[in-house]
Asks: 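What follows is a single structure, and I will ask about it in a moment.
In each ligand, atom 1 is the first atom listed, and ligand 1 is the first ligand listed.
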Amino acid sequence: MSTTPSKNRISMKFIRAFEGNLGASEPPPIWLMRQAGRYLAEYRKIRSELGSFLDLCYTPEKACEVTLQPINRFDFDAAILFSDILIVPHALGQPVRFVQGEGPRLDPITSIDELPSSSGSGLDADGLAKFSKVYEAVSLIRNKLSSDKALIGFCGAPYTVATYMIAGQGSPDQAATRTFAFAHPEKFQALIDLLVHTSTFYLCGQIDAGVNAVQIFDSWSGPLPDDQFRRWVVEPTKKIVAGVRAHHPDIPIIGFPRGSAAHAREYIAATGVNGIGCDTSMPLSLMSADLGDPNILRQGNLDPLLLLNGGPALDARIREIRDAMRGQRFIFNLGHGILPPTPIEHVQRLVDIVREPV
Ligand code: 1CP
């Protein structure tokens with residue numbers, strides 16, 4: 001059953017990009033991963049006023065304010081809900097802290113039996129209350145955001161979230177998690193299955209509250225060999241996509257398997273996502289020519305370090321990406337999150353060049 005797109009959806013450039021409905025000389029939509037955050041003085045101000053990062057995530061008015069900051073400043077075509085991928089383990093009852101200057105810290109687990117809020121299949125009242133705060137933020141944001149801007153909801157992909165749950169923090173090679181998955185495949189599978197279930201539920205809740213698209217962040221999928229990639233990245237993502245589509249058949253879903261350009265065709269064909277986030281290492285020739293599906297939307301892939309550095313090399317690369325993707329289903333973005341020391345003038349320059357008349 002297909003639903004008629006609302007007037008709002010039609011007026012959003014972000015949504016039209018998925019439908020292949022951008023004019024030939026129309027600039028692509030643009031937003032940036034981590035566009036709300038430390039590179040903005042107005043973010044640092046709110047952040048310093050609130051006790052902790054989690055307080056910011058669970059205070060709907062503040063999360064709303066921070067979500068809208070980059071839209072107000074740069075007029076991006078989409079806002080992304082201000083939250084974090086580690087809200088899911090937190091709602092499942094795992095202690096999560098955000099340590100200033102160090103990143104997230106969790107009390108590591110070795111089995112889903114250690115998650116107080118989970119009965120193996122769902123969330124308890126405390127976990128549901130945490131998700132409700134996020135849904136409240138979504139409806140506030142959607143009410144305040146102008147109708148031509150899309151609101152993006154998100155979750156971490158099960159594999160990436162599991163790496164934090166098992167190691168207790170981010171790690172360059174995810175060795176602790178990958179070793180655990182080899183030693184205890186059935187326990188790791190149970191954790192992945194729980195995350196599939198909870199993330200599907202969470203994304204559906206965000207959509208019910210008003211987001212116009214969702215992105216599934218698999219930030220750490222890159223180092224996995226093909227059999228592991230299939231089992232821990234493709235299969236769980238495919239289940240989330242199918243679960244979300246069962247309730248919301250028309251919602252655009254973007255997958256971001258970072259560092260996995262070599263697996264992109266398989267990921268797109270097997271998971272059923274509508275869009276693929278392309279990281280910095282995806283060759284422009286591949287991103288612009290052939291990912292095996294003529295209707296797949298591509299999103300990316302400017303190097304955040306180049307945006308930080310600026311200058312003529314930045315200008316040239318922005319135009320190179322924009323021109324290579326002209327006429328395609330494309331959303332301009334970075335290849336990974338914006339870096340905190342990035343000068344805001346560079347971001348403004350990026351937006352201006354992407355939108356310059358051609
Ligand atoms: O104190 C602070 O201000 C903390 C910095 C911060 C911010 C601004 C963290 C801690 N999370 C966020 C917000 C956030 N995280 C958003 C919404 C804001 C936006 O995009 O504008 C989103 C979508 C995320 C997603 C996220 N969190 C990912 C996936 C995307 C990616 O960058 O790869 C990951 C891996 C995380 C974990 C996380 N949370 C925070 C940090 C510093 C990290 C990364 C830690 C690490 O490198 O392991």
Asks: Over 60° means perpendicular and under 30° means parallel, so tell me whether H336 and F256 are parallel, tilted or perpendicular.
Replies: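 Rings of H336 and F256: tilted, 30 to 60°.
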Asks: F229 vs Y267 aromatic rings, parallel, tilted or perpendicular, using cut-offs 30° and 60°?
Replies: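 Ring orientation, 0 to 90° scale: tilted.
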Asks: Tell me the contacting part of Q169 for ligand 1: side chain, backbone, both, or neither, using a 4.0 Å heavy-atom threshold, strictly below.
Replies: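 For Q169, there is no contact with ligand 1 at all, from either part.
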Asks: Report the relative orientation of the aromatic rings in Y202 and Y135; use parallel for angles under 30°, tilted for 30 to 60°, perpendicular for over 60°.
Replies: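 Tilted: the ring planes of Y202 and Y135 meet at 30° to 60°.
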Asks: Kindly identify the option in Y43, F217, F98, Y39 whose heavy atom sits closest to atom 3 (O) of ligand 1.
Replies: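 Looking at heavy atoms only, Y43 sits closest to atom 3 (O) of ligand 1.
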Asks: Closer than 4.0 Å to some heavy atom of I80 - which atoms of ligand 1 meet that?
Replies: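 Near I80, meaning under 4.0 Å from one of its heavy atoms, ligand 1 has 19 (C), 20 (O), 21 (O), 23 (C).
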Asks: Looking at R317 and E320, is there a salt bridge between them, counting it only when a charged N and a carboxylate O are closer than 4.0 Å?
Replies: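 R317 and E320: salt-bridged.
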Asks: Looking only at protein heavy atoms, identify the closest one to atom 2 (C) of ligand 1 and say how far it is in Å.
Replies: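 Answer for atom 2 (C) of ligand 1: R47 NE, 3.2 Å.
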Asks: Answer with yes or no after comparing the ring centroid distance for F131 and H90 against a 6.0 Å cut-off, counting only values under it.
Replies: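 When the ring centroids of F131 and H90 are compared, they turn out to be at least 6.0 Å apart.
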Asks: Measure up the F188 and Y159 rings against each other and bin them: parallel (under 30°), tilted (30 to 60°), perpendicular (over 60°).
Replies: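 Plane angle over 60°, so perpendicular.
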Asks: Taking both backbone and side-chain atoms of R38, is any N or O found less than 3.5 Å from an N or O belonging to ligand 1?
Replies: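 For ligand 1, there is an N or O atom that lies under 3.5 Å from one belonging to R38.
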Asks: Students should be able to answer this: which protein heavy-atom is nearest to atom 29 (C) of ligand 1, and at what distance?
Replies: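 The closest one turns out to be S219 OG, 3.2 Å.
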Asks: Which residue and non-hydrogen atom of the protein lie closest to atom 12 (C) of ligand 1, and at what distance in Å?
Replies: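 Heavy-atom neighbour on the protein nearest atom 12 (C) of ligand 1: F53 CZ, 3.4 Å.
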Asks: Could you tell me the residue and atom name of the protein heavy atom closest to atom 46 (C) of ligand 1, and the distance to it rounded to 0.1 Å?
Replies: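 Heavy-atom neighbour on the protein nearest atom 46 (C) of ligand 1: Y164 OH, 3.2 Å.
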Asks: I'd like to know if the side chain of S132 pairs up with that of E136 as donor and acceptor (distance under 3.5 Å, no hydrogens or angles considered).
Replies: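 No, E136 and S132 have no side-chain donor paired with an acceptor closer than 3.5 Å.
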Asks: To the nearest 0.1 Å, how far is atom 14 (C) of ligand 1 from its closest protein heavy atom, and which atom is that?
Replies: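 I find the closest protein heavy atom is S83 O, 3.1 Å.
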Asks: Looking only at protein heavy atoms, identify the closest one to atom 39 (N) of ligand 1 and say how far it is in Å.
Replies: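 Closest protein heavy atom to atom 39 (N) of ligand 1: D84 OD1, 2.8 Å.
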Asks: Please determine whether a side-chain nitrogen of the Lys or Arg among R349 and E345 lies less than 4.0 Å from a carboxylate oxygen of the Asp or Glu.
Replies: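 No.
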Asks: I251 vs N212, test: side chain to side chain contact (heavy atoms under 4.5 Å, CB included). Steps then yes/no.
Replies: CA-CA 7 Å; I251 194 88; N212 308 104; 5.5 Å; no
Asks: Checking a contact table here: which protein heavy atom is nearest atom 22 (C) of ligand 1, and how many Å away?
Replies: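 Checked against all protein heavy atoms, atom 22 (C) of ligand 1 sits closest to F154 CZ, 3.6 Å.
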Asks: Any heavy atom of F256 closer to ligand 1 than 4.0 angstrom?
Replies: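 No.
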Asks: Thinking salt bridges, do R231 and D227 make one under a 4.0 Å N-O criterion?
Replies: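 Salt bridge absent between R231 and D227.
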Asks: Would you say the ring centroid of F18 lies under 6.0 angstrom from that of F14?
Replies: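 Distance test on ring centres: under 6.0 Å, yes.
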Asks: Only heavy atoms of H336, strictly under 4.0 Å: list the atoms of ligand 1 that pass.
Replies: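 Every atom of ligand 1 under 4.0 Å from some heavy atom of H336: 31 (C), 32 (O), 33 (O).
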Asks: What is the closest protein heavy atom to atom 28 (C) of ligand 1, and at what distance does it sit?
Replies: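 Here the nearest protein heavy atom works out to R34 NH2, 3.6 Å.
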Asks: Quick one: does V66 get a heavy atom under 4.0 Å from ligand 1?
Replies: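 It does not, in that no heavy atom of V66 comes within the 4.0 Å cut-off of ligand 1.
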Asks: Could a heavy atom of R258 be found less than 4.0 Å from some atom of ligand 1?
Replies: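 No; R258 lies far enough from ligand 1 that no heavy-atom distance drops under 4.0 Å.
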Asks: Quick one: which ligand 1 atoms are inside 4.0 Å of a heavy atom on L81?
Replies: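 Every atom of ligand 1 under 4.0 Å from some heavy atom of L81: 17 (C).
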Asks: Is there a polar contact between ligand 1 and Q35, counting only N or O atoms under 3.5 Å apart?
Replies: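 Indeed, backbone or side chain, Q35 has an N or O that close.
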Asks: Is it the case that ligand 1 has an N or O less than 3.5 angstrom from some N or O of W220?
Replies: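 No, W220 has no N/O under 3.5 Å of an N/O on ligand 1.
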Asks: Does an N or O from M33, backbone or side chain, lie closer than 3.5 Å to an N or O of ligand 1?
Replies: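 Not met; the criterion fails.
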Asks: Just to be sure I read this right, does ligand 1 sit under 4.0 Å from the backbone of P104, its side chain, both, or neither, counting only heavy atoms?
Replies: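 It is the side chain that gets close, since no backbone atom is under 4.0 Å.
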Asks: Taking the basic N atoms (NZ, or NE/NH1/NH2) and the acidic carboxylate oxygens, is any pair closer than 4.0 Å for R47 and D55?
Replies: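 Looking at D55 together with R47, the answer is no, because their closest N to O distance does not fall below 4.0 Å.
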Asks: In terms of the angle between their ring planes, are W220 and Y164 parallel, tilted or perpendicular, with boundaries placed at 30° and 60°?
Replies: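 Geometry flag for Y164 against W220: tilted rings.
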